[in-house]
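Read the structure below first, then the notes.
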Amino acid sequence: RVQLVESGGGSVQAGGSRRLSCRVSRYTYCMAWFRQAPGMERERVASIYRTHGITDYADSVKGRFTISQDNDRLTVYLQMNNLKPEDTAMYYCATSTPGGVCYEASDKYADWGRGTQVTVSS
């Protein structure tokens, strides 16, 4: 199994920024960031194909969030700008999908971190 550890969560005011990090124990083809607010389903907000750097974003975060990776490809970041109260959630990184495909569905991801909480106040 792949171990993932998220960091960087915290409290921020609306309009502010936060950068989340996810350190993985080994290279995998696809990495994704999900979030889950209380009472809501887990939502994929961003994904990246590690080899080519191809990214994808949920419509709700396009233009505000950026997923990237470190040169060693063992750390993936989620830069979050212009944060809104509706971005408040537990944020998780995930990996290990069939064929290395970056699916939208959370049940396609076999390995998850424990999550890091982001709270945006108005």
Side-chain angles (χ1 to χ4, degrees):
R1 300 300 291 266
V2 178
Q3 281 75 48
L4 304 94
V5 179
E6 305 97 334
S7 61
S11 297
V12 62
Q13 289 193 330
S17 297
R18 203 82 189 178
R19 189 176 81 157
L20 305 182
S21 299
C22 175
R23 183 76 176 175
V24 298
S25 59
R26 65 173 176 83
Y27 177 86
T28 55
Y29 289 111
C30 168
M31 289 285 299
W33 283 97
F34 285 79
R35 67 184 180 187
Q36 188 168 23
M40 304 291 287
E41 290 189 359
R42 195 166 290 192
E43 170 194 28
R44 193 193 74 172
V45 295
S47 63
I48 184 167
Y49 283 99
R50 312 290 297 286
T51 302
H52 304 291
I54 296 172
T55 59
D56 191 32
Y57 299 92
D59 288 343
S60 58
V61 306
K62 275 181 184 176
R64 300 189 298 123
F65 288 15
T66 302
I67 188 171
S68 62
Q69 60 184 345
D70 216 339
N71 288 338
D72 64 5
R73 297 181 180 175
L74 292 178
T75 303
V76 174
Y77 304 99
L78 185 68
Q79 177 67 43
M80 305 184 294
N81 298 328
N82 190 22
L83 281 161
K84 304 175 181 180
E86 52 264 42
D87 295 318
T88 295
M90 184 73 80
Y91 284 74
Y92 301 89
C93 58
T95 192
S96 305
T97 59
V101 175
C102 286
Y103 294 97
E104 284 195 29
S106 60
D107 61 2
K108 296 292 189 181
Y109 293 76
D111 295 311
W112 293 81
R114 292 187 175 183
T116 186
Q117 177 69 35
V118 174
T119 301
V120 184
S121 58
S122 57

Cys93 versus Met31, closest heavy-atom pair with distance
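Minimum heavy-atom contact is CB-CE, 4.4 Å.
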
Over all heavy atoms of both residues, which pair between Ala89 and Ala37 is shortest? Give the atoms and the distance, please.
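So the two residues come closest at CB-N, 3.9 Å.
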
Sequence neighbours excluded, which residues qualify as side-chain hydrogen bond (donor to acceptor under 3.5 Å, both in side chains) partners of [X]?
X	value
Arg1	Asp111
Asp72	Arg23
Thr97	none

Just wondering, are more than 12 heavy atoms of other shown residues or ligands nearer than 6.0 Å to OH in Tyr29?
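Atom OH in Tyr29 is not packed in, count stays at 12 or less.
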
Which pairs, with at least one residue in residues 29-65 and sequence neighbours excluded, count as a disulfide bond (SG atoms under 2.5 Å apart)?
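Counting only pairs at least two positions apart or across chains, the disulfide bond (SG atoms under 2.5 Å apart) contacts touching residues 29-65 are Cys30-Cys102.
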
Return the set of residues passing side-chain contact (heavy atoms from CB on, under 4.5 Å) with Thr119 (not counting sequence neighbours), or none when no residue passes.
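For Thr119, the residues satisfying side-chain contact (heavy atoms from CB on, under 4.5 Å) (neighbours in sequence not counted) are Ser11, Thr88, Gln117.
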
Chi angles and distances behind the side chain to side chain donor-acceptor pair (under 3.5 Å) call for Thr51, Tyr27
CA-CA 10 Å; Thr51 302; Tyr27 177 86; 2.5 Å; yes

Less than 4.5 Å apart, any side-chain heavy atom of Glu86 and any of Ser60?
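The answer is no; the side chains never approach within 4.5 Å.
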
Single-linkage hydrophobic cluster, 4.5 Å side-chain cutoff, Ile67 and Val2 together
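Yes, Ile67 connects to Val2 through the hydrophobic network.
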
For residues 77-115, pull every pair meeting ring pair (Phe, Tyr, Trp, His ring centres under 6.0 Å), keeping only residues two or more places apart or in separate chains.
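Every pair satisfying ring pair (Phe, Tyr, Trp, His ring centres under 6.0 Å) with a residue in residues 77-115: Phe34-Tyr109, Phe34-Trp112.
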
Would you mind checking if Lys84 and Asp87 are paired as a salt bridge, meaning a charged N to carboxylate O distance below 4.0 Å?
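No salt bridge links Asp87 with Lys84.
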
